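One structure below.
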Amino acid sequence: MRIVRFKTGGDTSWGLLQGDLVTPLAGNPVHGGITPAGPAVTLSALELLAPVEPSKIVCVGRNYRSHVGEMGWEAELDPVLFLKPPSAVIATGDHIQLPAESSLVEPEPELAVVIGKRARNVSPSEALDHVFGFVLANDVSARDLMVADGQWSRAKGFDTFCPVGPWIQTELDLGRARLRMAVDDEPVTDEAIGAMRLDIAEIIALASSVFTLEPGDILLTGSPAGRVPLTEGSVVRIWMDDLGVLENVVAGEDGRRLAVA
Ligand code: MG
C-alpha cells in the first residue's frame, strides 16, 4: 500500500494512493489502520504534505562506507545515532531554506523507516515486526556547522532540513532497492541500500535500546556517497523504485519562495 497525507480545505487528511487516485482515510493509518472515509480524488488535484508526524526522528550517521570515505572520517569509526527535530520536516515540493549561519549546505538522500508498533529493547530478529513502512528522506546538513560545533544538532536541525515523502510504501523489496539522487539533473548518488553497515533490523534494535520508538516515529538509515553544495535555486531529486520522487527546491537565506518549474 501507498499512504499519503494531503491538505483538504483548511484541514489535513491521510489517504490511500492507488494509481493516480487517493481514497481519504479516517484518522492516521499508522495508529488506526486503513479505514476509507470518502470518495477517491485525483492525486494531481491535491497538495501533498509530508506523510509522517513523528514524535522523534532518529538518524544513523556513518552507515555507508562510501560516505565515511568521502567525508575523510576514520574507517574504523562506528555508525552513530543522532536526532533531528520534527520541526525540520517538510513535504515534497516545499523549499529547503539555506540558513544565514552556514556557507556549506549539502543534501543526504536516505531511506527512512516508519515505525508502526512501539519498540523498546527489541532484538534484530523482532525488529521488522515494528515497521509500518518506508519513505524517502533528505538529511540536509550544514557541513561547516558540523565541524564548528563538534556535534550535529544545529547543523542538521534547522527548519526545512528534513524533507520526507512523497508517500509511505508499506512493503518494499529491500534486497533490490537502490537509492538515487540528482541535483539540477546531474547524477550525484546511486548505491544499493544493501551497502549499509547496520541493516534496518540492526538500526531499529540499536535505536530501541536507547529510545522508546513510538508509532509514527521515523528512522533515517544513513546516506551513501555523493556530495554537492546547495545554492539558491538548486533542485534536489531523490528517488527509489516503489517510493516515488522526493523533490525540493532550495530557497535563499531570506526564505523567499522560488517558482517551481
Ligand atoms: Mg545522514
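It should be emphasised that the depicted structure is a prediction, and the values quoted were computed from it without experimental measurement. We use all heavy atoms of the structure for the numbers below, so side chains are in, but hydrogens, waters and symmetry mates are not. We count ligands from 1, going down the list as the structure has it; atoms in each ligand are counted the same way.
Of all protein atoms, those of element N, O or S that lie under 2.8 Å from the Mg ion (ligand 1) number 3.
A parallel orientation is assigned to the rings of Trp152 and Trp73, their planes being inclined by less than 30° (bins at 30° and 60°).
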Side-chain donor-acceptor contacts of residues 7-19 below 3.5 Å, not counting sequence neighbours, with atom names and distances?
none

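Arg227 and Glu106 get closest at one heavy-atom pair: NE-OE1, 2.9 Å. Taking both residues in full, the closest heavy atoms of Gly165 and Pro51 are given as CA-CD, 3.8 Å, listed atom of the first, atom of the second, then distance. In terms of heavy-atom proximity, Phe134 sits nearest to Leu243 at O-CD2, 3.6 Å.
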Walk me through whether Ser44 and Thr42 qualify under side chain to side chain donor-acceptor pair (under 3.5 Å).
CA-CA 6 Å; Ser44 58; Thr42 306; 5.4 Å; no
